[in-house]
Amino acid sequence: MEQIRRTKITEALKSNAFEATINVKGWVRTRRGSKQVNFIALNDGSTINNIQIVVDVEKFGEEFLKPITTGACISVNGKLVESQGKEQAAEIRAEEIEIFGTADPAVYPLQKKGHSLEFLREIAHLRPRTNTFGAVLRIRHHMAYAIHKYFNDHGYYYLHTPIITASDCEGAGAMFQVTTLPLDNCPKNAEGEIDYTQDFFGKSTSLTVSGQLEGELGAMALGAIYTFGPTFRAENSNTPRHLSEFWMIEPEVAFFDIHDNMDLAEDFLKYLVRYALNHCTDDLKFLCEMFDKELIERLQFIVNNDFVRLTYTEGIKILEESGQKFEFPVFWGADLQSEHERYLVEQHFKKPVILTDYPKDIKAFYMKLNDDQKTVRAMDVLFPKIGEIIGGSQREECYEKLARRIKEMNIPDKDMWWYLDTRRFGTAPHAGFGLGFERLLLFVTGMSNIRDVIPFPRTPGNAEF
Ligand code: 4AD
Ligand code: MG
């Protein structure tokens, strides 16, 4: 077969260099046709759209064409011609075909018929080859790029915070331990406890639940930073919105108060949604048609409307007066459940909501205490269909108050000295938040299970692939 430089299908479909001979490579979606002519729909992942390969059956022979079934990988040299058919401008008239790899239809699990998302989760190694996961994974890439672009263009530095840590940022205790101690024979100290001085790091360590604490150190030197990395939570939450391993984006900014923080969160989210609308058009159209007819409308709505801002106390009042029957009770001091968040967003305001000033007892130790001594400068951004998409706060910058909160909340403080040092040396008001990357993707793609917006989900009881 003649060696011709490969053209990506996304480029071939846009090209009008008709009559030129080009090469495309990709995976067969379908092959159909008659005794005279076959049509192969070929996809190479560069776009959701397939290019049509027109094959003269007599020229290649039926025997040769037989193994070109759904899932097979082929290389095609052929003439780019104007398509007679509908949507696409271009198709390829095959001159030479090489088969790289076959996919026996008796065992290849991805046949033409639509498969359920549940089934596809069991074959996560192959599901990127479906239209749905191709679309989701391309959108995931574009969103990651847009996040870096947004922060770079706004003067934030990307700070790499550690994945292995000795401190529990959220104080929730839901951490995965990291150890090289022999589990069946752990060394013990005089008190009969596990002797972590003999462990790899000389102390007990875990996978991080958040890069925030180190992020704050960065903000106190570089002014404005963001992190974007994997985070781990060992909570046994089997819900469509929780993963054990997820990616989080955490900006942290010196001299920001909670209002600046809310402005940043709103501008950032709108930028990302607008970016998706502008750069992921074909994939969004597909997901809109297949899964969620209101998807694009909902995305446009976010871009074009102000988020509602109100306090937790006001939110509770609305919920109490709603007459709505909730599974979890509503009272001042209760942690809001997804059903409460979604009621405020979807039923009451019909807009994204930023809820602020939560009771201190349901929030982390580092949040700035309000003058009422009961609430903290927390802010959660609540989105339709998702509930909490962002959690953040203005931070407590006063050494004494922070030390008191750490004590009150029984946070082990021996590994916190470096964090407290920021409040001893040149402390400053500052604020930040965490955006769950997969929650963002749930919203942007319209998918309804978080396991379907990350290539290889980690959830309780599941670490396959
Ligand atoms: O509200 P969270 O726990 O806040 C923090 O970790 C802070 N340290 C962030 C900060 O202020 N820098 O988590 C932040 C966001 C949530 O709003 C949610 O979008 C996402 O992370 N998130 C999860 N996403 C998927 N699976 C889970 N188990 C998640 N837990 C939190
Ligand atoms: Mg939260």
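Counting convention: from 1, in listed order, for ligands and their atoms alike.
- The minimum distance between the Mg ion (ligand 2) and any N, O or S atom of E388 involves atom OE2.
- Of the candidates R233, Q212, M379, H242, R233 brings a heavy atom nearest to atom 6 (O) of ligand 1.
- By the criterion of a heavy-atom distance under 4.0 Å, the backbone of I389, and not its side chain, is placed next to ligand 1.
- In this structure the side chain of L382 never reaches within 4.5 angstrom of the side chain of P352, judged on heavy atoms.
- Between D283 and R138 there is a salt bridge, with a side-chain nitrogen of the basic residue lying less than 4.0 Å from a carboxylate oxygen of the acidic one.
- Note on K363 versus D335: no salt bridge recorded, every NZ/NE/NH1/NH2 to OD/OE distance being 4.0 Å or above.
- Looking at E250, R395, E235, E252 and measuring to atom 11 (O) of ligand 1, the nearest heavy atom belongs to R395.
- Take Y226 and apply the side-chain hydrogen bond (donor to acceptor under 3.5 Å, both in side chains) test, not counting sequence neighbours, and it matches H148.
- Residue contacts with ligand 1, taken as heavy atom pairs separated by less than 4.0 Å, involve I390 solely via the backbone atoms N, CA, C and O.
- For a threshold of 3.5 Å applied to N or O pairs, the pair formed by C169 and ligand 1 contains no separation below that value.
- Of the protein's non-hydrogen atoms, the one nearest atom 7 (C) of ligand 1 is E170 OE2, 3.3 Å.
- Distances below 4.0 Å separate heavy atoms of G391 from the following atoms of ligand 1: 1 (O), 9 (C), 10 (C), 11 (O), 17 (O).
- If you number the atoms of ligand 1 from 1 as listed, the ones under 4.0 Å from a heavy atom of S210 come out as 6 (O), 8 (N).
- S167 and T165 share a donor-acceptor pair across their side chains, judged by distance under 3.5 Å alone.
- Salt-bridge annotation for R241 and E388: absent, with no side-chain N of the basic residue lying under 4.0 Å from a carboxylate O of the acidic one.
- Salt-bridge check for E346 with K350: failed, with every basic side-chain N at 4.0 Å or more from each acidic carboxylate O.
- Within the 4.0 Å heavy-atom cutoff, I450 counts among the residues contacting ligand 1.
- Within the listing of ligand 1, atoms 25 (C), 26 (N), 27 (C), 28 (N) sit less than 4.0 angstrom from a heavy atom of L243.
- The option with the heavy atom closest to atom 23 (C) of ligand 1, from among Y366, F246, F383, is F246.
- Taking 4.0 Å as the cut-off between side-chain N and carboxylate O, K285 and E289 do not count as a salt-bridged pair.
- Considering backbone and side-chain atoms together, L435 places no N or O closer than 3.5 Å to any N or O of ligand 1.
- For K203, the side-chain hydrogen bond (donor to acceptor under 3.5 Å, both in side chains) test picks out D415, with sequence neighbours left out.
- Considering Q394, E388, R439, E438 only, the shortest heavy-atom separation from atom 1 (O) of ligand 1 involves E388.
- Ligand-side atoms of ligand 1 in range of R241: 25 (C), 26 (N), range being under 4.0 angstrom from any heavy atom.
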